[in-house]
2 protein chains.
Amino acid sequence: MGIDFSHFVKPNLKIISLHSTTLKFYFCLNMKKYVLFYGLLAFSMLMLFQLSSLAIFKVGASRDWILLVVAVVSIGIGIFYSKAQSSKNQIAEVSDTENLVHYSNSGLTEREYEVLELLNLGFSNKEVGEKLFISENTVKTHVSNLLLKLNAKRRTQAIKNAKDLKIIS
Amino acid sequence: MGIDFSHFVKPNLKIISLHSTTLKFYFCLNMKKYVLFYGLLAFSMLMLFQLSSLAIFKVGASRDWILLVVAVVSIGIGIFYSKAQSSKNQIAEVSDTENLVHYSNSGLTEREYEVLELLNLGFSNKEVGEKLFISENTVKTHVSNLLLKLNAKRRTQAIKNAKDLKIIS
DNA sequence: TGTGATTTCATACTAAAGGATGAGGCCTTA
DNA sequence: TAAGGCCTCATCCTTTAGTATGAAATCACA
């Protein structure tokens, strides 16, 4: 269910994360494209260098102009490359729009899930404790375990990760 | 004006309806940054060219190496530029496609909206400051104003309220 | 030319969050 | 019955968040 059980921080605390096989699969599919892309890139750079030699010796173009052309083309390549990468990331993020993962399949305990839901509603530890009839210290313990399991440094990040993992909505 | 902000304490936080003049204002503000950015870019390119001349005549570096350095640096500039742009465009795309209240109609300023977006992604004040190239103290100021405007006591509550108000997704 | 809005930054302070650790009780299961 | 997971609570400590206040720069608009 999209959970990686391979990372063990504590014996009973498993880090929840997006399944890695999907990414691996995607990577293997695109290896050919990567090789092709970088091969073409290297080839075109070489051609550019050769062209610059031709331009200098046959046409008599100035060195600054050659540099300018190379710089502009390279900036264009950089922008193109960056946009290609970012579009892939966007697709990966949007790709799976399914139902929520039940908390029992999410790696969280029932109590941790309850705490997480209240965090998502914007309550403080104290308020969560009042709503669940437990002490603030207990809430802190749940939140700490929550952060470990969701691989987050802050409650806001935990909420974000949990939403990405479809644990909460 | 979809939101009632009549409970404001500070006089400078009162929201007068924002028109297109506000956008013009921000456009002019950003124009200066653009001019500065491209000016610096052009200047650094010129310096690179001058350095290339020095390298050829004084050090005796080969032309291909110069071209390679220029190309690599330019690709880096392109990637950096593209990423800086895409972060802005992502926010704009999301706000348009998902029928959100535009930040100019939400009572939030553009900067506060940007900060809010990053809070929603789970970043700390320090990380937000690094991403927006401002100090952590400034982020704190923005967050404080954000909390007042969104009638929230915590950032998690601010995120929740902003989502209820369709300011963010 | 002054006023207001925005953005930026700073300092000093309080409140809340988070980390690390230990421990006791409850329940299920091997 | 022993073991392990879960829930509970606590303490000490550090980090982060948030409040209050002042101030300076920029720019639009009246």
Side-chain angles (χ1 to χ4, degrees), chain A residues 5 8-14 103-104 107-116 118-119 122-130 132-159, chain B residues 5 8-33 35-36 103-104 106-116 118-119 122-130 132-159:
Chain A
F5 289 104
F8 285 80
V9 177
K10 288 184 178 180
N12 58 338
L13 284 181
K14 304 149 193 169
Y103 72 86
S104 60
L108 302 178
T109 67
E110 186 178 9
R111 209 54 162 166
E112 286 163 358
Y113 178 75
E114 289 172 357
V115 171
L116 178 61
L118 293 177
L119 293 191
F123 293 113
S124 68
N125 290 337
K126 193 176 180 181
E127 289 169 343
V128 171
E130 289 168 358
L132 297 180
F133 301 103
I134 56 179
S135 81
E136 187 185 349
N137 287 318
T138 307
V139 177
K140 282 188 177 184
T141 303
H142 288 315
V143 172
S144 281
N145 295 334
L146 214 51
L147 296 180
L148 282 176
K149 289 184 178 180
L150 291 170
N151 196 27
K153 294 176 182 174
R154 286 163 291 279
R155 57 219 288 125
T156 49
Q157 201 175 17
I159 293 170
Chain B
F5 290 125
F8 282 178
V9 184
K10 290 187 177 181
N12 60 332
L13 284 178
K14 285 176 186 169
I15 298 302
I16 311 169
S17 61
L18 302 171
H19 309 301
S20 58
T21 52
T22 317
L23 291 177
K24 214 184 297 173
F25 174 66
Y26 284 124
F27 183 71
C28 290
L29 255 187
N30 288 327
M31 273 307 289
K32 208 178 179 186
K33 287 184 180 176
V35 170
L36 197 66
Y103 71 84
S104 61
S106 69
L108 300 180
T109 68
E110 184 181 17
R111 209 54 163 164
E112 286 162 359
Y113 178 75
E114 288 174 357
V115 171
L116 179 61
L118 293 176
L119 294 190
F123 293 113
S124 67
N125 289 337
K126 192 176 181 181
E127 290 169 342
V128 171
E130 288 168 357
L132 295 180
F133 301 104
I134 56 180
S135 79
E136 187 185 350
N137 288 318
T138 307
V139 177
K140 282 187 176 185
T141 304
H142 288 316
V143 172
S144 280
N145 295 333
L146 213 51
L147 296 180
L148 282 175
K149 290 184 177 180
L150 291 170
N151 197 26
K153 293 177 182 174
R154 285 163 292 279
R155 57 217 289 127
T156 48
Q157 202 175 16
I159 292 169

Grab the [atom1]-[atom2] distance between [X] and [N] for me, whole Å please.
X         : N       : atom1 : atom2 : result
Glu112(B) : dT6(C)  : CD    : C1'   : 9 Å
Glu114(B) : dT7(C)  : CD    : P     : 8 Å
Arg111(B) : dT26(D) : CZ    : P     : 17 Å
Leu146(B) : dT19(D) : CG    : P     : 11 Å
Ile134(B) : dA25(D) : CD1   : P     : 19 Å
Leu108(B) : dA5(C)  : CG    : P     : 16 Å
Asn145(B) : dA17(D) : CG    : P     : 17 Å
Asn137(A) : dC7(D)  : CG    : P     : 17 Å

Does dT8(D) have OP1 or OP2 sitting under 4.0 Å from an N or O in the side chain of Ser135(A)?
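Checking Ser135(A) against dT8(D): no side-chain N or O falls below 4.0 Å of OP1 or OP2.
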Give the B/S/- string for nucleotides 22-30 of chain C, one per nucleotide from 5' to 3', where a protein heavy atom under 4.0 Å of the base yields B, of only the sugar-phosphate yields S, and otherwise -.
---------
Which distance, rounded to the nearest 0.5 Å, do you find between the [atom1] of [X] and the [atom2] of [Y]?
X         : Y         : atom1 : atom2 : value
Asn137(A) : Lys126(A) : CG    : NZ    : 12.0 Å
Glu114(B) : Ile134(B) : CD    : CD1   : 8.5 Å
Phe123(B) : Leu132(B) : CZ    : CG    : 10.0 Å
Leu118(A) : Tyr113(A) : CG    : OH    : 10.5 Å
Leu108(A) : Leu150(A) : CG    : CG    : 5.5 Å

For nucleotides 13-19 of chain C, which of its nitrogen or oxygen atoms have a protein nitrogen or oxygen under 3.5 Å away, and what is each distance?
from: dA17(C); atom 1: OP2; to: Asn125(A); atom 2: N; distance (Å): 3.2
from: dG18(C); atom 1: OP1; to: Arg155(A); atom 2: N; distance (Å): 2.7
from: dG18(C); atom 1: OP2; to: Arg155(A); atom 2: NH1; distance (Å): 2.4
from: dG18(C); atom 1: O6; to: Lys140(A); atom 2: NZ; distance (Å): 3.0

Among Asn145(B), Leu146(B), Thr141(B), exactly one meets side-chain contact (heavy atoms from CB on, under 4.5 Å) together with Val115(B). Which residue is that?
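Of all the options given, the one that passes is Leu146(B).
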Passing option when Asn125(A) is tested against His142(A), Glu136(A), Arg155(A), Glu130(A) for side-chain hydrogen bond (donor to acceptor under 3.5 Å, both in side chains):
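Among His142(A), Glu136(A), Arg155(A), Glu130(A), the one that satisfies the side-chain hydrogen bond (donor to acceptor under 3.5 Å, both in side chains) with Asn125(A) is Arg155(A).
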Is there a donor-acceptor contact under 3.5 Å from the side chain of Ser144(A) to the main chain of Lys140(A)?
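It does hold such a pair.
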Judged by atom type as modelled, is there a donor-acceptor pair below 3.5 Å linking the side chain of Gln157(A) to the main-chain atoms of Lys153(A)?
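Pair found, side chain donor or acceptor close to backbone of Lys153(A).
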Give the nucleotide from the list dT7(C), dT8(D), dC9(C) with an atom nearest to the side chain of His142(B).
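Of all the options, the side chain of His142(B) is nearest to dT7(C).
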Out of dT7(C), dT11(C), dC9(C), which nucleotide sits closest to the side chain of Thr138(B)?
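In terms of side-chain proximity for Thr138(B), the closest of dT7(C), dT11(C), dC9(C) is dC9(C).
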